[in-house]
Amino acid sequence: MMYTPQPAAGHATATVKLYSDTLTLPSPAMKRAMFEAELGDEQAGLDPTVNALCARVAALLGKPSAMFLPSGTMCNQIAMLVHARPGDAILAHKDSHIIAHEAGAAAALGGGLVTGLAGEAGQFGPDDIQAALRAASRYAPEPRLLVVEQTSHLGGGSVWALDRLHAVADEAHRHGMAIYMDGARLMNAVVASGVGARDMAAAVDSVSLCFSKGLGAPFGAVLAGSPDFIDRAWRWKQRLGGAMRQVGMYAAACLFALDHNVDRLAEDHRHATRLAEGLSSLPGLRITRPQTNIVLFDTLATGITSFELRDRLATQDVSITAMDRYLGRAVTHLHVDTDAIERAIAAFRNVLAPSRSVPGSARRR
Ligand SMILES: *Cc1c(COP(=O)(O)O)cnc(C)c1O
């Protein structure tokens, strides 16, 4: 059973905030850019700053068209609504955001039959797609869409290699499916791998980018694809209430993020690596080696649940997320510096000292 990451009491106020890269606050310079943005009616196509952002992201991703949306979740939902009809099969990793963290929206809104694929680190290969598809018949749902998550959140921020992306895209296309990339943390993948955003997006038909994760903007995501895809997406944006007004001030924050907060993601990745190194020597804690800014750890052998660990760390002024009973998560971002990482490692060491991990102390929630 997965639990939605929800910081418990005390977590929001901890000084060392490792619970998510969504909690960053806009810097004074970002706020200045927002304050000075030229504005207009977004849904009439008259907000110059939104238009500039869409053009910039379309070029970045090598897609002809793009639209500004409130969130990555709305990008995912609109992509599924455009690519698939009710009853069509949508294939995605079983731990993907659309399955684990969007409150069942794919079923509630689009009526797609979302099928979860297994595979290490939130990824799968062409064989897994092949195996999930039924022989074409009027009894079987029509496979219409494959979703890949770059980076894979519950895969521990793992990066899809370019050849693997192409391999699964080729397989999807061979079966007449479109492929959509949930690129909430695409720029983390780009910075970590050195592969260009354009090259990664070239493998897929449509792609999104979220600005309120590691990029540090307070709001916004961009969905990109062919002109026809974006045309159809506009009708859903309108239907869902995602058509907006003078949101250029948010688009300005996103443009600022592209100018100032992309290259520095490497720093977040270094911090995550250092954190994983520091934690790997602690008794019982099993660490997944991070490729980007997410560190997952299994607490089973420590004798305590991730909830207990989270609560103990909160007493040390450190916040993490308990994802599942024995699965904890720490995420690095703009507001986590080297000093915070060292403090976090010390806090983990304190709360996992042998005297504290009494067998049988695991609390069930
Ligand atoms: C956060 C996230 C989203 C959704 O983005 P929001 O802007 O929070 O709606 C989608 N996919 C992944 C993998 C994410 O981590």
Side-chain angles (χ1 to χ4, degrees), residues 2-7 18-24 26 53 57 67-81 90 92-106 108-109 114 116-117 119 121-124 145-160 165 179-190 192 200-201 204 206-224 236-237 240-242 244 247 250-251 253-254 257 261 265 268 272 290-296 321 323 327 329-333:
M2 298 305 305
Y3 291 84
T4 304
Q6 249 167 7
L18 295 170
Y19 71 79
S20 179
D21 52 3
T22 56
L23 57 82
T24 57
L53 175 67
V57 174
M67 67 167 33
F68 191 44
L69 288 167
S71 67
T73 299
M74 199 180 281
C75 290
N76 289 353
Q77 292 306 319
I78 290 181
M80 287 188 283
L81 285 160
I90 297 171
H93 194 277
K94 66 179 176 58
D95 296 329
S96 60
H97 199 273
I98 59 164
I99 292 182
H101 291 129
E102 296 183 13
L109 304 179
V114 183
L117 305 178
Q123 301 186 14
F124 45 80
L145 180 65
L146 177 74
V147 180
V148 293
E149 205 172 281
Q150 182 72 305
T151 65
S152 165
H153 168 215
L154 289 181
S158 71
V159 178
W160 281 79
L165 267 182
I179 171 165
Y180 164 67
M181 177 183 283
D182 171 355
R185 294 189 182 82
L186 174 59
M187 298 318 289
N188 291 85
V190 166
M200 288 189 185
V204 302
S206 58
V207 51
S208 62
L209 194 60
C210 182
F211 285 91
S212 66
K213 298 280 168 77
L215 293 177
F219 171 101
V222 171
L223 178 64
W236 281 110
K237 176 172 155 80
L240 295 174
M244 301 174 283
V247 285
Y250 290 111
C254 299
N261 292 349
L265 291 171
D268 297 344
Q291 292 179 32
T292 53
N293 69 328
I294 299 173
V295 181
L296 295 181
T321 304
M323 302 296 293
L327 181 65
R329 184 192 72 176
V331 187
T332 58
H333 52 78

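When a residue number appears, it is its place in the shown sequence, counting from 1. Note that ligands are numbered from 1 as they come in the structure, with each ligand's atoms numbered from 1 the same way.
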(request) Check side chain to side chain donor-acceptor pair (under 3.5 Å) between D182 and all other residues, then give those that pass, not counting sequence neighbours. (result) N76

(message) Please verify the inter-ring angle class for F68 with F219; under 30° counts as parallel, over 60° as perpendicular, anything in between as tilted.
(response) perpendicular

(message) Quick check: closest heavy atoms across V114 and I98, and the distance to 0.1 Å?
(response) CG1-CD1, 4.3 Å

(request) State which residues pass side chain to side chain donor-acceptor pair (under 3.5 Å) with S71; sequence neighbours excluded, sorted by chain then number. (result) none

(message) Going by the rule side chain to side chain donor-acceptor pair (under 3.5 Å), which residues pair with K237 if we only count those two or more places apart in sequence or in a different chain?
(response) E42

(message) Residues around ligand 1, heavy atom under 4.0 Å from any ligand atom, sorted by chain and number. Can you pull those?
(response) S71, G72, T73, N76, H97, E149, D182, A184, R185, C210, S212, K213

(message) Can you tell me how the ring of W160 sits relative to the ring of F124, calling it parallel under 30°, perpendicular over 60° and tilted otherwise?
(response) perpendicular

